[in-house]
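First comes the structure, then the notes that go with it.
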Amino acid sequence: AKMAAVRAEPLQLLLKAPSKDVVRHLCRECFSSAAPNSSLLVDKAVTSLSITSEEAQQLICSLHCFTRRVVFQGLTSAEEIFPLFPDNFHQNLKNLLTKIILENVASWRSEALANQISLPRLIDLDWRVDIKTSSDNINRMAVPTCLLQMKIQDDATICQNKPTISTISLELSKEKLDTMLDGLGRIRDQLSAVANK
C-alpha cells in the first residue's frame, strides 16, 4: 500500500540535511512514541535543516508514522519498504531512508515490544493437593482439593515502570480442576494448530 502523499511530502525536507548523519539521527529520534510532541526535537530539526517549526513538526510526524508503520507491518527488506514511498519520491533519499530504517528495525521492534501495553504476565505457579478433614458439611469431609497459587506481574508501562507482583490463590475441587485443565488443553491445541500453519 502506498503512503498517502500528504505524509510522504514532508520527508522530502530531509533533502536539506547537511549530512547523512543528520538524517540518521532524526530517523532514530522520530521513532520514539514521544517524538510527535517533542518541542526539543522540533528545535533540533529547525536548526539542522533550516526549516520552519511547522515544517519540522510535519517532518517529525511523517517520519514517526513511517518508521512505526515499517516496524508494525514487520517489513525487513528494501523490497518491502520501497512500495511505501510514492512513485515520484527522490530516489537517493528513498535509498538512504530505507538503509537507515533497516539498520534500526530490530532495535525499534524490541523497543516497541518493551513499551507495549499488555495484560498481566504469569511469573510463577505453585500448587499442592490437600485433603479437607473438617467442614461444617458432612459431605465435604475428607475431600481432596487443589490449592493453586499464581504470581502475576502487572504491565510495567501502567505502573510507571515499577511493575508490581501480586499473588492470587485459588482452591479448586477435582471437578473444577478437570474443567480448568480441559479448557487449558483446548487452548494448547489451538495454539499448536496456529503455530503449525
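In this chain, residues are counted from 1 in sequence order.
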Closest non-hydrogen contact found for L49 with A17 is CD2-CA, 3.4 Å
For S53 and V42, the nearest pair of non-hydrogen atoms, with its separation, is O-CG1, 3.9 Å
As a quick check of understanding, evaluate side-chain contact (heavy atoms from CB on, under 4.5 Å) for L84 and L75, giving each step before the final call.
CA-CA 10 Å; L84 295 179; L75 309 182; 3.6 Å; yes
inquiry  = Closer than 3.5 angstrom, by distance alone: can the side chain of S62 be matched with the main-chain N or O of Q58 as a donor-acceptor pair?
reply    = no
Practice item. Taking the side chain as every heavy atom from C-beta outward, state whether K174 and D178 have any pair of such atoms under 4.5 Å apart. Key: yes
Distance col, row L41:CG vs H64:NE2, nearest 0.5 angstrom, shows 11.0 Å
Taken to the nearest 0.5 Å, the spacing of I60 CD1 from C65 SG works out to 12.0 Å
Sorted by chain and residue number, the salt bridge (Lys or Arg N to Asp or Glu O under 4.0 Å) partners of R128 (sequence neighbours excluded) come out as D130
Output for pair (D124 CG, K151 NZ), nearest 0.5 Å, gives 5.5 Å
Contacts of D189 meeting salt bridge (Lys or Arg N to Asp or Glu O under 4.0 Å) (sequence neighbours excluded), chain-then-number -> none
For residues F82 and N95, determine if any side-chain heavy atom of one lies less than 4.5 Å from a side-chain heavy atom of the other. yes
Residues I51 and A45: closest non-hydrogen pair is CG1-O, 3.8 Å
### Query
Is there side-chain contact between V46 and T52, with at least one heavy-atom pair below 4.5 Å?
no
Problem - Check: Q57 side chain, P36 main-chain N or O, donor-acceptor pair, under 3.5 Å - result: yes
Next item on the list: Please tell me if the side chains of V143 and I131 come closer than 4.5 Å, counting only heavy atoms from C-beta onward.
Entry: no
- Counting only heavy atoms not in K94, do more than 12 fall under 6.0 Å of its NZ? yes
Test item: T76 and R109 side chains (from C-beta on) under 4.5 Å apart, heavy atoms:
yes
Requested in this report: Check the pair L14 / V22 against side-chain contact (heavy atoms from CB on, under 4.5 Å), numbers first and verdict last.
Outcome: CA-CA 9 Å; L14 291 169; V22 170; over 6 Å; no
Applied to residues 30-57, the salt bridge (Lys or Arg N to Asp or Glu O under 4.0 Å) test, sequence neighbours excluded, yields none
Value for SG (C61) from CZ (F66), rounded to nearest 0.5 Å, stands at 15.0 Å
ring-ring contact (aromatic ring centres under 6.0 Å, His included) pairs touching residues 25-54, sequence neighbours excluded, are F31-W108
Looking only at heavy atoms, the pair that brings A78 and L102 closest together is N-CD1, 3.7 Å
With a 4.5 Å heavy-atom cut-off, do L97 and L63 have their side chains touching? yes
Q) Does the distance from a Lys or Arg side-chain N to an Asp or Glu carboxylate O, for K176 and E171, drop under 4.0 Å? A) no
Rounded to the nearest 0.5 angstrom, the CG-SG distance for L11 and C30 is 9.5 Å
Note: with side-chain heavy atoms under 4.5 Å as the link, the other cluster members for W127 come out as L122, L125, V129, L148, M150, I152, I168, L170, L172, L177, M180, L181, L184, I187, L191
Contacts satisfying side chain to side chain donor-acceptor pair (under 3.5 Å) that involve residues 27-38 (not counting sequence neighbours) are R28-N104
Q. Any sub-3.5 Å donor-acceptor pair from N196's side-chain atoms to S192's backbone N or O?
A. yes
Rounding to 0.5 Å, atoms CD1 (I101) and CZ (R24) come to a distance of 12.0 Å
